[in-house]
4 protein chains.
Amino acid sequence: MIIVMKAGAPKDEATAIMKELEDKGLQPMPLYGVERTVIAVIGEERDLSIGHLESFKGVEKVMRVVEPYKLVSKSSKASTTIVEINGVKIGSDQIAAIAGPCSIESEEQMDKVASSISQLGIKIMRGGAYKPRTGPYSFQGMGKEGLEILQKTAKKYNLATVTEILDIRDLDNICEKADMLQIGARNMQNFELLKEVGKTKKPILLKRGLMATIEELLLAAEYILAHGNPNVVLCERGIRTFEKAVRNTLALATVPLVKELSHLPIIVDPTHGTGKRSLIEPMTKAAIACGADGFIVEVHPNPSEAKSDAQQQLTPDEFAILMENIKPIVKAMNKTL
Amino acid sequence: MIIVMKAGAPKDEATAIMKELEDKGLQPMPLYGVERTVIAVIGEERDLSIGHLESFKGVEKVMRVVEPYKLVSKSSKASTTIVEINGVKIGSDQIAAIAGPCSIESEEQMDKVASSISQLGIKIMRGGAYKPRTGPYSFQGMGKEGLEILQKTAKKYNLATVTEILDIRDLDNICEKADMLQIGARNMQNFELLKEVGKTKKPILLKRGLMATIEELLLAAEYILAHGNPNVVLCERGIRTFEKAVRNTLALATVPLVKELSHLPIIVDPTHGTGKRSLIEPMTKAAIACGADGFIVEVHPNPSEAKSDAQQQLTPDEFAILMENIKPIVKAMNKTL
Amino acid sequence: MIIVMKAGAPKDEATAIMKELEDKGLQPMPLYGVERTVIAVIGEERDLSIGHLESFKGVEKVMRVVEPYKLVSKSSKASTTIVEINGVKIGSDQIAAIAGPCSIESEEQMDKVASSISQLGIKIMRGGAYKPRTGPYSFQGMGKEGLEILQKTAKKYNLATVTEILDIRDLDNICEKADMLQIGARNMQNFELLKEVGKTKKPILLKRGLMATIEELLLAAEYILAHGNPNVVLCERGIRTFEKAVRNTLALATVPLVKELSHLPIIVDPTHGTGKRSLIEPMTKAAIACGADGFIVEVHPNPSEAKSDAQQQLTPDEFAILMENIKPIVKAMNKTL
Amino acid sequence: MIIVMKAGAPKDEATAIMKELEDKGLQPMPLYGVERTVIAVIGEERDLSIGHLESFKGVEKVMRVVEPYKLVSKSSKASTTIVEINGVKIGSDQIAAIAGPCSIESEEQMDKVASSISQLGIKIMRGGAYKPRTGPYSFQGMGKEGLEILQKTAKKYNLATVTEILDIRDLDNICEKADMLQIGARNMQNFELLKEVGKTKKPILLKRGLMATIEELLLAAEYILAHGNPNVVLCERGIRTFEKAVRNTLALATVPLVKELSHLPIIVDPTHGTGKRSLIEPMTKAAIACGADGFIVEVHPNPSEAKSDAQQQLTPDEFAILMENIKPIVKAMNKTL
């Protein structure tokens, strides 16, 4: 932590803040310049609040030196964490491919999806039983019944499942029925939910919030790890910007940057990341080319009848073409599918 | 709803989508132009999904004509909703002033705040018992004990209280202990929580999300009204932009715009809206001048010792000055405090 | 400047960067902590490039201590700069009101505007002869002929004028014909243009760019002052965000923040700042209430026939009402019109 | 164009706007619904101003049906435009690689760069003689002398050159000395400059503005084409968002989206798009994988001595590694270098 005092701030103001730091077991080192004093602080700065220090008299600004997260940091664990689900090692040289509809709508629908994607070698199926919808009049998901359909069709085709959790009260049931829990973009900072999934050992798919910084994404993951669950897979799914020609702005540089900062695996969601069917394949390729550990794509047997996200779901045939077309890129990256 | 077909799309593609609309009880009216067909749709378009229609073959784009919310719309109720708490009529000519610390930290702290603000005529006190913090190592709030302190000190000084709810499991207890429930910016799209508070009759302070559009804010309120609770007060508290000289960008035009679109009252939070103590007074004045129904400000007996938001809380003395300095603006707007 | 070395960076890497700093006449002061070294730099840091220092081996990050501008800073001149035009002292207790059409379209149009606004006591008229339009097929302005109309009608009604400059080649002519030069949002970082207007003594109205930070706005003004022209009036006119219900997000906190950082006067443009006629009056009031030195509003004798910005220009009658309605706020702020 | 009248707007208001449309040679087709009237407009809507129509009484909103650009649109020319420079066909199956320093600093520096990149097979060298810098105290470029160094070293190594133009007054000289003109992000909407380079036949590298939409980028290109110059290469270089862990947010989905909308070639600038040396290689790979026609990267013989952008320039050795490492991706995309 670096504390910059205001130009001309009297020495006793610097002394007051140094006393506070010493009381907290830290070691302040002052530099008395001609114009102003600068205090460098040695010790565990994560326990200090910038706001607290900035509120001291005479302080101009306070700057962190180290990142505010610990457990998710590469400095706490050098090797990439591998989260294994149904034989897929997310975080390894194997590109994890997750596919399935936006919403679970019927057993027939799920059977068609499960059948088609399992034939392409997919091992993890997505499907939402609880849907976070912007307005109250939109389809809100099938709930418990949807979870049962998900579990049943997955079992039939030997697929693992990932499904979104919205409400802590559903935690036990979802943990029983699904293999991986998704924390959606709108819940990335639902800290109570993060704490609770952190108390399970379930693999967690943590999606970046629409307006969350990369640091906030890592801090959200830190909540989960700090509560005991190391099995977190991050997901870049686009951020909200001024651009309206796409649904979201897929910020792919997040992938190599997270790989520098953290040991957690990271996948990409080109479906929500663009919101446009024709952009999904090129952005899946780009995701793999910049080092993503996998991707998650929406597939529906009949997108125009889908109850949500109709304009961005692929048909099984379109998805089969995508899986074929990405092969050269996967190979170019020395990875496998 | 307006559906624009692609240039040169064959007529049967337009026919297919019109059949779908008729099946849903709507009345499509086609316009066959030279280059392309446009279909205007008469009827309740809120039940239609744009994505669903855009996924039809031959469709170029689908545009809504009316807003997607109903109950919160000015067209459903012309007069401003008044939410009354402890004699303060939020939405009337009376400017509602809400004050109190970011976090409840001790009984002594709350007693000092309650004593000082009640002397200034404040009737509603804020204070957080459950705190949504970006990182897991920050102070997370006093929880139940905090709620009890809040209730006790409020009663002593005849204040009503507003406190944030993060977890549905705390709903009953918070409803018992506090007078108004705050849905914070990070939970504005926690739809399960919105549904549950919508089932109570408690006044709700609904803060705009960091990344939420005004339409999304109104849709979040629509969730609460649709579940039975009409007592919603909206709050503009700044959005996240590229600008880093302030904590958030306080988008004050939200105030007059919401007043055109909705009958719900709206207040402003200049504390979080700027994150900088010196900007709170000018932005409170500006909020009142553009028509806000009130404001909410953080006040702490000793900000530099605060466990959160230290740099943006006012001392009781600073708050007393603010209350004095806004009087001419309140009067200029023909309102009362 | 504070330079933070990487954890474990060898001492000779810190030595190398300190040598560089000494060679540039600065005084580096190292702090050797247990984990890492921090170097505080005493001296004129504005001449140092952060990028240059960050490219040294072993450097983790470089943080500025002081703002990168000098001449516009409050620390270089404590009293507010007053820019006087036609008797209006922008930066004093007098609220400067500037009005006129988006584009100059005809002598008849300008005569009507000039006549109506001069009757309301307005002393400065705006009007664009050169128009920066997003697409090449939109009306590009009347050019030289427009300037002559502007000059002629202004003289008739004893008005001063402000008009936008797009092209350095027009500088002499515009300086001859108009009283104040506007640098529009799209040219805020047209540095060659800033340098050239900096060589004149003309009052400059410098509008904040759509994507410019407050620091960048001040640095753009610094260009003008550094080239010799101290007569700069800043203008907050809204920034681009994700919100689409308004044309731009009017960031009013810019006003009190700029007043803390700089001695330059700052006015607000609620017309472009909202893009919606009904929001102009409330946001003008808010601008005055938070301390703006004035405002600039678009007025057109017949907005629906305007060649640009039709939906956001006021009629002379609407503008007269605005001028009347803001009076109580102006008075409440102890200012005059 | 679709014009939606307000609910309950009297019929004569619709009649008035239809008369206006007919006067302009367009064909309005009204649909009288129960609640409101909708008018579809057949004809060349690009000549109509949305603002103009929205200012008519009774109009709720006006929506475009077609894109506002013509010449750059895929609908006006189906095949990709190929811009050829020094044997490199930008827009073909050949990936165009452009490299060179941020700023031209000396003949020795340029000779080293030119020598190293030409050995790697690079045919086009970048280098800035005129530099747009945020503050006036930063290095502003070598100007004319720089241009001469650029020309001389390029000739020696048989390289073509691209350099940025900031000021129309430099146009003739830059056209004489360089092979391709760059319009930088800050000048993307310097419309006078766009018009002037549109009157030349020089290849233009048009960079996306920091806060420009894709539609605005295409409209900026439309300015150039409309003035007679078809040789435009677009460049995605990152947009400004709330994320500060990277210098800009590289929005790679722009690449496939522009390829759907326009026939112009598009390359990517991963250097400015990330601002971080370690992210350049992964983002170059991603750019190629999603279909970019090329890339432009900053290379400097000694980045830590560079006068600008030191932290994001590659050394010749690092660049050689990048050129080697992208080969498998280029091959996977069935392209050549």
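Everything quoted here is computed from the prediction, not taken from an experiment. Every chain is numbered from 1 and lettered A, B, ... according to where its sequence line falls, protein lines coming before strand lines.
- Most heavy-atom pairs under 4.5 Å with chain D: of the set A:Pro328, A:Gly238, A:Cys290, A:Pro270, this distinction falls to A:Cys290.
- With a threshold of 4.5 angstrom between heavy atoms, A:Ser278 approaches chain D through its backbone and through its side chain.
- In this structure, no portion of D:Thr254 lies under 4.5 Å from any heavy atom of chain A.
- In this structure, no portion of D:Glu216 lies under 4.5 Å from any heavy atom of chain A.
- Each of A:Val246, A:Thr249, A:Ile239, A:Thr274 has some count of heavy-atom pairs under 4.5 Å with chain D, and the biggest count is that of A:Ile239.
- Of the atoms belonging to D:Ile214, heavy atoms from both backbone and side chain fall under 4.5 Å from chain A.
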Where do D:Lys244 and A:Thr213 land on the side chain to side chain contact (heavy atoms under 4.5 Å, CB included) test, with the steps shown first?
-> CA-CA 8 Å; D:Lys244 293 296 167 196; A:Thr213 62; over 6 Å; no
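- Only the side chain of D:Thr241 comes within contact range of chain A, judged by heavy atoms closer than 4.5 Å.
- Heavy-atom pairs under 4.5 Å with chain D were tallied for A:Gly291, A:Ala245, A:Pro282; the largest tally goes to A:Pro282.
- Heavy atoms only, all atoms of each residue included: D:Met283 and A:Ala253 are closest at CE-N, 3.4 Å.
- The part of A:Leu250 that comes within reach of chain D is its backbone (N, CA, C, O), which places non-hydrogen atoms under 4.5 angstrom from that chain.
- Counting heavy-atom pairs closer than 4.5 Å to chain D, the top-ranked of the candidates A:Glu215, A:Met211, A:Glu281, A:Lys331 is A:Met211.
- Within the 4.5 angstrom heavy-atom criterion, no atom of D:Ile288 approaches chain A.
- Nearest approach of D:Arg240 to A:Phe242, heavy atoms of both residues: O-CE2, 3.9 Å.
- D:Lys89 NZ: 12 or fewer foreign heavy atoms inside a 6.0 Å radius.
- Proximity to chain D is absent for every atom of A:Ala287, based on heavy atoms less than 4.5 angstrom apart.
- Considering only heavy-atom pairs separated by less than 4.5 Å from chain D, the leading option among A:Lys259, A:Lys327, A:Glu243, A:Lys285 is A:Glu243.
- Looking at D:Lys276, only its side chain comes within 4.5 Å of chain A, counting heavy atoms on both sides.
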